[in-house]
Amino acid sequence: MRQVIIIGSGPAGYTAAIYAARANLSPLVIASSVEFGGELMKTTDVENFPGFPEGVMGPDLMTKMQQQAERFGAEIVYDDVTSLELDGPIKAVTLGNGDRHEALAVIYATGSAYRKLGLPDEDRLSGYGVSWCATCDGAFFRQKTVAVVGGGDSAMEEATFLTRFADKVYLVHRSETFRASPAMLDRAKADPKIEFVTNASVAHIYGGELVTGVGVVDTVTGDERTLDVSGLFIAIGADPRTHLVHGMLDLTEHGTIAVEGRSSRTSLPGVFAAGDVVDPTYKQAITAAGSGCAAALDAQHYLEGLSDDVRQGANAETVSA
Ligand SMILES: Cc1cc2nc3c(=O)[nH]c(=O)nc-3n(C[C@H](O)[C@H](O)[C@H](O)COP(=O)(O)OP(=O)(O)OC[C@H]3O[C@@H](n4cnc5c(N)ncnc54)[C@H](O)[C@@H]3O)c2cc1C
């Protein structure tokens, strides 16, 4: 039996692994079989992660985090968790290959999946003009024209934020009514740099190496026209990856895992959650890393509160495993 198992290998999971390993907790990280490294593996330049004044490529940053965790003794398994048993003092984690691991504590850091439009070139041009995060990528579009897709608060916020850099922002929305709050909608509508394109859905993303335009179809007439943009920001929501813990852990109204105050403690003792899976608001690599750190410290304190017999049992089996 392990002291702690960490599920997920994004900034939250690897930061939790670094802290847990340095606390001699010999963490086992279940990194995922194909999506190890998390969301930053899908992007190019990351310019807002502290410590990299020249910026860093997303995959390079995640490789460095992985190496840092391994340097202190974290063990990484490249497989997916398929089921969990989380109630009771001993937690069990079953993987796609059938292996079953037990631990006294689990840190759940599976992130959140941005919703996609489902267009053929969306993934290919991700990081090359297609983005899900204006905070991350807005500065790459100085004096350019960009489009934002969506009709909720986040789409309004992204569009308004992008006017700091872009000369023009199209706000493309499939209907004439908006989910966004009136205040956010009014602010976007009042902005002279934002042009609303309503009753329109994005049907094509054009571009060889970089985005050069998007084809939008009028949902009433069926007519298609091209918007000449160099960036497409997709703001149609995100789905926290919680399916494994439905019915086990309390969730918030946003679908994220509920945690106690600023801690990572979930509704079950010994189960901690960190990163975008608990965060409907900030969703940045650095905030995910910070919450991974908090989860490792919370897990460490939880383990220290367990009886010596229980903890030494975990140590002995980790050493002999
Ligand atoms: C294209 C793009 C560009 C971005 N650019 C920036 C940027 O420039 N700066 C910035 O700060 N933020 C950026 N972000 C946001 C940032 O990537 C996220 O906020 C951050 O990665 C969240 O970290 P996380 O560890 O919570 O989750 P994630 O990075 O999503 O990692 C979660 C991990 O859990 C794994 N996982 C999920 N389910 C299972 C399972 N069942 N078994 C095992 N593993 C599982 C996933 O495969 C993944 O490895 C960007 C996001 C995207 C999509």
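In each ligand, atom 1 is the first atom listed, and ligand 1 is the first ligand listed. Computed from a predicted model, the values in this text were never measured in an experiment.
Atoms of ligand 1 lying under 4.0 Å from at least one heavy atom of Gly38, given by number and element, are 28 (P), 29 (O), 31 (O), 48 (C), 49 (O). Proximity to Ala12 (heavy-atom distance under 4.0 Å) selects the following atoms of ligand 1: 25 (O), 26 (O). Using a 4.0 Å cut-off to heavy atoms of Ile30, the atoms of ligand 1 that qualify are 43 (C), 44 (N). Of all atoms in ligand 1, numbered sequentially from 1 with element shown, those under 4.0 Å from a heavy atom of Ser9 are 33 (C), 34 (O), 49 (O). Under a 4.0 Å criterion applied to the non-hydrogen atoms of Gly8, ligand 1 contributes the atoms 33 (C), 34 (O), 35 (C). Distances below 4.0 Å separate heavy atoms of Gly111 from the following atoms of ligand 1: 26 (O), 27 (O), 30 (O), 32 (C). Every atom of ligand 1 is numbered from 1 in the order shown, and the set under 4.0 Å from a heavy atom of Ala109 is 32 (C), 33 (C), 34 (O). Residue Asp80 has at least one heavy-atom neighbour below 4.0 Å for each of these atoms of ligand 1: 42 (N), 43 (C).
Given atom 12 (N) of ligand 1, the protein heavy atom at minimum distance is Ala285 N, 3.4 Å. Looking at atom 2 (C) of ligand 1, its nearest protein heavy atom turns out to be Thr43 CB, 4.1 Å. Closest to atom 49 (O) of ligand 1, if we only count protein heavy atoms, is Glu35 O, 2.8 Å. Shortest contact from atom 8 (O) of ligand 1 to any protein heavy atom: Cys136 CB, 3.3 Å. Protein heavy atom nearest atom 21 (O) of ligand 1, with residue, atom name and distance: Pro11 CD, 3.4 Å. For atom 9 (N) of ligand 1, the nearest non-hydrogen atom of the protein is Asn48 OD1, 2.9 Å. Of the protein's non-hydrogen atoms, Leu40 CD2, 3.9 Å is the one closest to atom 4 (C) of ligand 1. For atom 30 (O) of ligand 1, the closest heavy atom belonging to the protein is Glu39 CG, 3.2 Å.
An N or O contact shorter than 3.5 Å links Asp276 to ligand 1 by distance. In terms of polar-atom proximity, defined here as any N/O pair under 3.5 Å, Gln284 does make such a contact with ligand 1. The N/O atoms of Asp79, backbone and side chain alike, include none that comes under 3.5 Å of an N/O atom in ligand 1.
When every heavy atom of Thr135 is checked against every heavy atom of Asn48, the shortest pair comes out as O-ND2, 4.1 Å.
Ionic pairing of Arg100 and Glu85 is present here: one or more N-O contacts between side-chain nitrogen and carboxylate oxygen are shorter than 4.0 angstrom. Under a 4.0 Å N-O distance rule, the pair Arg124/Glu122 does not qualify as a salt bridge.
Applying the 6.0 Å contact sphere to OH of Tyr282 captures no more than 12 heavy atoms from other residues, nucleotides or ligands. Around atom CD of Gln300, more than 12 heavy atoms belonging to other residues, nucleotides or ligands sit under 6.0 Å away.
Side-chain contact between Met156 and Phe161 is absent, with no heavy atoms from C-beta onward closer than 4.5 Å. In this structure, the side chains of Met62 and Met41 come closer than 4.5 Å at one or more pairs of heavy atoms.
Checking Val81, Leu244, Leu84 against atom 42 (N) of ligand 1, the nearest heavy atom belongs to Val81.
Side chains of Ser131 and Asp137: a donor-acceptor N/O pair is present below 3.5 angstrom, by distance only. Using modelled atom types and a 3.5 Å distance limit, the side chains of Ser264 and Asp298 yield a donor-acceptor pair.
Counting heavy atoms closer than 4.0 Å to ligand 1, residue Phe49 contributes nothing at all.
Aromatic rings from Phe178 and His173 are positioned such that their centres are separated by under 6.0 Å. Between Phe140 and Phe165, the ring center distance fails the sub-6.0 Å criterion.
Paired with Arg2 under the rule side-chain hydrogen bond (donor to acceptor under 3.5 Å, both in side chains), one option of Glu102, His101, Glu75 passes, and it is Glu75.
Annotation: cation-pi geometry not satisfied between Lys116 and Tyr114 (NZ/CZ under 6.0 angstrom from ring centroid, within 45° of ring axis).
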